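Some notes on the structure that comes next.
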Amino acid sequence: MDSLLHLTLENLLSPTVLFFVLGVFAALTRSSLTIPEAIAKALSIYLVMAIGFKGGYQVSKAGIDLGLFLSLLAGMLLSFAVPFLAFAMLKVTTRLPTVDAASIAAHYGSISIVTFLAGTEVLKLLGHEAEGYMVAVAAVMEVPAILSGLWIAARAVTDKSSIGGMDNSLMREVLLNGSIVLLTGAFLIGVVTGEKGMATVSAFIVDPFKGVLCLFLLDMGLVAGRGLRTSWKYLKPGLLIFGIYMPVLGAGLGLFCGWALGLSLGGTVLFMILGASASYIAVPAAMRMALPDSQPAIPLALSLGITFPFNLTIGIPLYVTVASRVL
Amino acid sequence: MDSLLHLTLENLLSPTVLFFVLGVFAALTRSSLTIPEAIAKALSIYLVMAIGFKGGYQVSKAGIDLGLFLSLLAGMLLSFAVPFLAFAMLKVTTRLPTVDAASIAAHYGSISIVTFLAGTEVLKLLGHEAEGYMVAVAAVMEVPAILSGLWIAARAVTDKSSIGGMDNSLMREVLLNGSIVLLTGAFLIGVVTGEKGMATVSAFIVDPFKGVLCLFLLDMGLVAGRGLRTSWKYLKPGLLIFGIYMPVLGAGLGLFCGWALGLSLGGTVLFMILGASASYIAVPAAMRMALPDSQPAIPLALSLGITFPFNLTIGIPLYVTVASRVL
Amino acid sequence: MDSLLHLTLENLLSPTVLFFVLGVFAALTRSSLTIPEAIAKALSIYLVMAIGFKGGYQVSKAGIDLGLFLSLLAGMLLSFAVPFLAFAMLKVTTRLPTVDAASIAAHYGSISIVTFLAGTEVLKLLGHEAEGYMVAVAAVMEVPAILSGLWIAARAVTDKSSIGGMDNSLMREVLLNGSIVLLTGAFLIGVVTGEKGMATVSAFIVDPFKGVLCLFLLDMGLVAGRGLRTSWKYLKPGLLIFGIYMPVLGAGLGLFCGWALGLSLGGTVLFMILGASASYIAVPAAMRMALPDSQPAIPLALSLGITFPFNLTIGIPLYVTVASRVL
Amino acid sequence: MEMRKRIEFILEKPFLERLIALLDEMETPGYTVIPAKAGRGRQDPWTREGMVTDAGRQIIVVSFAEAGLAEKIAQRAAEKLGNRIALISLTDAAVYLPD
Amino acid sequence: MEMRKRIEFILEKPFLERLIALLDEMETPGYTVIPAKAGRGRQDPWTREGMVTDAGRQIIVVSFAEAGLAEKIAQRAAEKLGNRIALISLTDAAVYLPD
Amino acid sequence: MEMRKRIEFILEKPFLERLIALLDEMETPGYTVIPAKAGRGRQDPWTREGMVTDAGRQIIVVSFAEAGLAEKIAQRAAEKLGNRIALISLTDAAVYLPD
Ligand SMILES: Nc1ncnc2c1ncn2[C@@H]1O[C@H](COP(=O)(O)O)[C@@H](O)[C@H]1O
Ligand SMILES: Nc1ncnc2c1ncn2[C@@H]1O[C@H](COP(=O)(O)O)[C@@H](O)[C@H]1O
Ligand SMILES: Nc1ncnc2c1ncn2[C@@H]1O[C@H](COP(=O)(O)O)[C@@H](O)[C@H]1O
Ligand code: NA
Ligand code: NA
Ligand code: NA
């Protein structure tokens with residue numbers, strides 16, 4: 001318990017978390033501080049490219065083994081499964097319309113790459129590097145969740161007209177989503193170019209990485225704070241608490257995966273983070289198209305305004321502590 | 001005198017100044033060279049974040065002492081006082097409408113963070129590091145100047161309808177202005193995270209800093225040159241000369257502050273620069289709201305087109321030389 | 001032949017080329033991956049500024065000699081001459097309207113600075129640094145090609161109304177084009193500030209350079225792929241082949257220049273690349289104004305969709321190999 | 001100079017591709033997409049500042065077409081995009097057609 | 001399909017918050033903010049290229065409302081924002097209301 | 001409140017300077033430039049995503065002017081910019097003139 005407290009405090013006082021807090025503060029006080037949309041997109045492209053490449057580079061060093069494929073499989077299963085659990089919890093504990101519950105469920109089955117990044121940084125500080133292929137696991141955990149969410153909606157929603165369904169453009173949006181393509185592509189380039197490639201680009205993607213992450217978290221704080229301000233009204237107690245226990249449940253499933261696969265401590269923690277985090281970039285757009293009758297503001301406020309800060313501040317240290325005990 | 005000349009020449013041939021000159025040249029020749037608005041904003045966010053964090057880091061090393069509080073107080077007083085001086089000079093030497101004179105006065109009481117950055121770099125090259133908390137002084141020197149400007153306008157302008165006055169959104173704009181919040185926030189984060197925080201982000205905010213400053217100065221040169229082209233007609237001789245002697249007067253007041261507070265040479269020079277420089281980012285928008293009948297183009301052309309280049313090229317070396325003699 | 005194969009393979013598996021391929025793949029599969037326009041512009045500004053400055057820095061070390069002036073002259077002549085050759089080839093091998101052939105010809109007389117950058121990086125890896133002033137040669141190779149293109153159009157096109165002609169804004173667009181001004185300006189700043197200047201900015205413009213190039217090539221891949229998708233229909237076989245043999249012809253002329261001037265291997269290869277590459281940034285806008293009846297999509301698809309990838313993947317290794325044999 | 005209708009769609013960005021597909025399918029002579037930065041309707045205000053996801057943002061599409069076609073397009077789009085997704089308006093405009 | 005007025009404000013960016021507050025206060029059904037890049041009026045030309053400050057730039061706000069409300073809004077806005085700050089225009093538009 | 005024409009040009013970006021020169025020359029009271037992100041006409045679709053060159057993109061220019069002047073401007077612009085370069089439209093608008 002002592003080490004958890006210590007770790008949490010240390011984490012809370014890291015520049016990354018503090019810049020996020022600064023962003024939330026600025027948004028809540030309605031400061032005019034904003035980061036242009038094009039810059040926010042560029043930061044996220046940079047981070048995805050960097051984390052993908054670094055993961056691939058690590059795999060190029062460690063070699064491709066069965067663990068990679070099993071982890072991919074486990075990640076997909078986890079992403080398929082979590083929405084069912086989330087949907088069940090929401091139906092039991094809240095009075096959300098079914099279509100909204102299905103949409104939220106899909107968000108929680110998917111992952112937040114920024115939470116993943118923050119976790120990687122914490123692990124690196126603690127000296128627990130994870131398997132490089134966890135990046136690839138992150139990449140495969142978006143699509144299954146969306147499919148689960150749609151399947152749940154198709155089964156549970158009675159008014160079928162409210163389900164946009166899976167047309168071509170949605171399918172493309174889901175499968176060839178920009179961040180998935182970039183994450184996977186950069187990962188493969190890292191695998192292929194290995195040491196040489198890393199030498200070429202490390203001054204760009206490794207050295208300034210944490211600083212860029214600070215800037216991006218400042219922006220995420222701004223967006224999250226603004227989201228909370230406008231959407232606070234939707235976050236009824238039942239939903240609010242869901243935003244906190246659901247990541248813990250997801251982390252539990254991730255812990256099981258990591259343990260069953262025999263991953264390293266770092267890898268297990270990242271699996272927990274993947275289970276615990278919820279999407280707020282790719283899935284919202286996809287669910288908007290698939291379920292046009294759901295209210296897009298609710299999952300966004302929940303995943304970005306509650307679950308993301310929870311994971312960033314308390315969740316990650318908690319998962320590290322638990323994993324160290326269990327493994 | 002010789003060392004001043006030498007220093008000025010050296011300064012004029014630094015990449016920062018030359019990129020500014022390149023920008024002015026490109027704008028005056030109507031080249032199609034432009035930097036997208038989102039990028040200009042991102043560069044300024046980066047620079048503010050970096051300078052704030054570095055200042056905080058230095059304070060975390062030096063410790064917080066009385067000097068910090070006294071300097072903050074002195075900065076506020078300076079920012080309050082300068083607009084009165086500026087207004088008086090303008091009324092005596094030009095025929096500007098009162099409302100425009102008040103607006104310009106507010107601009108000169110406030111500060112230009114980019115001039116401050118350029119000063120920091122020159123000082124670093126000369127081996128005179130300043131007190132880290134000078135960044136915090138910069139942060140408190142925006143609001144008082146605006147209040148002074150408004151107070152002057154309220155007293156001096158007869159047609160009260162032309163004074164927008166201080167409503168909520170203006171108050172917020174002034175107090176929670178994006179760059180103030182970021183500068184202060186990054187400063188505090190630097191204080192709190194200290195050495196460890198610096199290790200995390202230095203590859204992002206320290207190493208490439210000067211290069212980014214070059215790019216931003218290129219942009220400032222483009223904007224200043226364009227402003228001069230369109231607003232040259234407003235810059236009657238009296239006003240033009242004001243743009244050059246007013247920074248020198250402000251620097252004199254800053255010199256007095258630095259000397260009275262017993263600051264280091266570096267700190268004193270920065271105080272001079274704060275006194276000498278005029279705002280062209282936050283104050284213009286605030287004064288536009290507060291004094292809708294003033295012509296926004298005039299203070300902008302004056303502070304960005306005359307005073308900024310003057311400080312950047314001749315002013316900074318001059319202030320360094322004078323301060324070295326006096327202290 | 002063996003070393004060519006080896007070099008080509010090595011080049012194909014470099015991060016720069018692979019990120020380009022990733023971009024093309026994403027565009028062809030209609031992934032939602034895109035890079036905001038402002039970021040693309042910022043990346044190109046960064047790259048132009050960096051390459052200009054580095055070239056100037058190298059000249060400041062090597063000193064200015066006759067070779068510089070002769071190379072500038074040769075570059076201009078090459079840029080004047082290539083459009084005539086290109087136009088003749090197009091008239092013989094395709095049935096393009098004269099005005100389109102003239103426009104394409106101007107594109108091929110001009111240069112692609114990104115191809116030049118990619119070539120510089122390959123040469124650096126191989127240990128063949130080129131003359132720094134080759135950057136200045138690149139800067140003077142845009143205008144002559146446009147003038148040639150206009151001259152050809154004016155002579156060959158019968159319906160004179162379709163020639164917009166050379167008015168003031170076009171003249172400015174051509175001569176004071178943003179990238180030319182920045183490239184030349186940064187080059188001169190590099191020459192003037194030399195070692196000291198380089199020390200100031202190298203952490204910004206040297207260290208992360210290759211990584212930024214990867215990101216920019218990802219974007220170029222996206223744009224090229226998208227261009228191919230929409231414009232494939234215009235690329236009749238004759239035109240398509242032109243997009244491949246024309247750079248080889250241009251490289252041949254460049255080889256002659258490099259050899260006649262007695263340049264180093266690196267300088268000769270860069271001359272070949274200048275001859276081989278075609279513009280897709282400045283020239284398209286200028287030709288659109290000058291020849292409003294030409295179809296802008298055709299030269300863009302050809303230079304960015306065919307010639308650029310050809311040079312990037314096969315061309316550069318080929319030119320290096322040929323130059324090593326010849327010199 | 002001919003009379004046309006100026007159709008203006010203010011619609012949620014995720015549906016842009018579908019609208020364009022519809023416009024293409026109905027052989028609209030052309031359209032232009034214009035960015036939007038912020039707004040409010042019956043639901044909450046939104047703004048693009050700092051946002052990465054496309055969800056919850058609006059975008060504007062303008063198309064000039066002959067009156068008959070324009071009305072058909074507006075009708076079809078209103079049906080297809082349904083509730084909450086698009087605000088569709090028609091204005092009279094005189095168009096100077098480029099040749 | 002119903003007849004509405006399309007109100008278009010071209011106004012100085014620093015006054016955007018005030019206009020929005022007015023629109024909210026008058027219970028306008030909605031509005032959308034559109035960026036502007038450059039322009040000229042009676043005063044000097046402006047452009048956003050490379051600018052950081054919000055001063056001296058214009059922004060566009062579009063709002064569809066019933067004729068009566070629209071005229072009231074335009075009137076109030078013209079009074080409140082006063083001279084030099086906004087160009088306000090009203091156009092007739094047929095709106096296909098979502099649901 | 002006075003009746004004006006709202007002229008809207010959708011034109012190729014490389015010709016923007018020429019259009020502005022024309023507007024200045026004809027003493028248009030003002031204009032505002034609005035960005036466009038994507039589009040399609042008789043030619044291929046285009047989009048700005050990731051683009052560096054100005055060629056092949058459209059930009060929008062809006063100008064409010066008195067009917068007579070507006071028609072003259074539209075006429076001249078159509079002549080000068082000629083084929084394929086601009087889509088010019090005129091709409092009736094009631095303008096609340098600032099002061
Ligand atoms: N009456 C209106 N005038 C202009 N824009 C509107 C109007 N109503 C809605 N919008 C835009 O459409 C978005 C979604 O509207 P709603 O679905 O009603 O929340 C708003 O955020 C505005 O950007
Ligand atoms: N007649 C007009 N048509 C379109 N935009 C205008 C017009 N007049 C003014 N504007 C816009 O409003 C801004 C300020 O106008 P002004 O206050 O007259 O200088 C201009 O820079 C334009 O962007
Ligand atoms: N009918 C239209 N409505 C709206 N925008 C159009 C229309 N026609 C053309 N455009 C715009 O003008 C550009 C060029 O049109 P075009 O020259 O016909 O290919 C298109 O890509 C659109 O952005
Ligand atoms: Na998850
Ligand atoms: Na000052
Ligand atoms: Na060439």
Side-chain angles (χ1 to χ4, degrees), chain A residues 9-47 50 117-118 120-122 124-126 202-219 221-222 225-226, chain B residues 36-50 52-54 56-57 60 168-209 211-212 281-282 285-286 289:
Chain A
L9 253 160
E10 185 122 318
N11 186 45
L12 286 177
L13 294 180
S14 67
T16 34
V17 171
L18 289 176
F19 273 106
F20 179 79
V21 171
L22 176 60
V24 172
F25 168 84
L28 293 182
T29 56
R30 318 239 276 127
S31 157
S32 68
L33 180 60
T34 52
I35 291 182
E37 180 179 3
I39 303 305
K41 285 196 176 158
L43 293 176
S44 85
I45 287 170
Y46 169 85
L47 293 171
L117 294 181
T120 318
E121 291 305 318
V122 170
K124 205 193 282 171
L125 275 182
L126 297 172
S202 72
F204 177 60
I205 70 171
V206 177
D207 302 348
F209 186 82
K210 279 190 213 167
V212 178
L213 185 58
C214 286
L215 189 50
F216 192 63
L217 282 171
L218 173 67
D219 183 50
L222 288 165
R226 211 194 304 139
Chain B
E37 181 179 2
I39 302 306
K41 285 197 176 159
L43 294 176
S44 85
I45 287 171
Y46 169 85
L47 293 172
V48 166
M49 176 180 170
F53 192 91
K54 279 195 270 182
Y57 163 70
S60 88
N168 272 350
S169 68
L170 176 56
M171 200 65 203
R172 223 182 25 249
E173 174 79 25
V174 168
L175 281 175
L176 292 169
N177 176 280
S179 59
I180 295 186
V181 168
L182 182 55
L183 189 62
T184 314
F187 177 80
L188 293 176
I189 294 176
V191 173
V192 170
T193 63
E195 199 72 57
K196 257 193 185 172
M198 188 44 113
T200 315
V201 297
S202 72
F204 177 60
I205 71 171
V206 177
D207 302 349
F209 185 82
V212 178
I281 297 190
M289 283 201 269

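Reminder, nothing fancy here: chain letters follow the sequence lines and each chain counts from 1. This is a predicted model, so every value here is computed, not measured.
Contacts of A/Phe25 classified as ring-ring contact (aromatic ring centres under 6.0 Å, His included), with partners at least two apart in sequence or in another chain: none.
Looking at A/Pro36, the atoms closer than 4.5 Å to chain B (heavy atoms on both sides) all sit in the side chain, from C-beta outward. With a threshold of 4.5 angstrom between heavy atoms, A/Thr34 approaches chain B through N, CA, C or O but not through any side-chain atom. With a threshold of 4.5 angstrom between heavy atoms, A/Phe209 does not approach chain B through any atom at all. Contacts of B/Ala50 with chain A are absent, with no heavy-atom separation under 4.5 Å from either backbone or side chain. Of the two parts of A/Ile39, only the side chain, counted from C-beta on, holds a non-hydrogen atom closer than 4.5 Å to a non-hydrogen atom of chain B. Contacts of A/Leu22 with chain B are made by side-chain atoms alone, with heavy-atom separations under 4.5 Å and no backbone atom involved. With a threshold of 4.5 angstrom between heavy atoms, A/Leu218 approaches chain B through side-chain atoms but not through N, CA, C or O. With a threshold of 4.5 angstrom between heavy atoms, B/Ile45 approaches chain A through side-chain atoms but not through N, CA, C or O. With a threshold of 4.5 angstrom between heavy atoms, A/Thr29 approaches chain B through its backbone and through its side chain. Interface remark: B/Tyr46 contributes no atoms to any contact with chain A (heavy atom separation under 4.5 Å).
Residue pairs meeting the ring-ring contact (aromatic ring centres under 6.0 Å, His included) criterion with at least one partner in residues 168-198 of chain B, sequence neighbours excluded, are absent.
In terms of heavy-atom proximity, A/Leu18 sits nearest to B/Thr193 at CD1-CG2, 3.6 Å. Scanning both residues, B/Leu176 and B/Val181, for their nearest heavy atoms gives O-CG2, 3.6 Å.
The CD1 atom of B/Ile281 sits 10.5 Å away from the NZ atom of B/Lys41 when rounded to the nearest 0.5 Å.
B/Phe53 pairs in a side chain to side chain contact (heavy atoms under 4.5 Å, CB included) with only one of the listed residues (B/Leu182, B/Ile189, B/Leu188), which is B/Ile189.
Within the 4.5 Å cutoff, the side chain of B/Phe204 has no heavy atoms near those of the A/Asp207 side chain.
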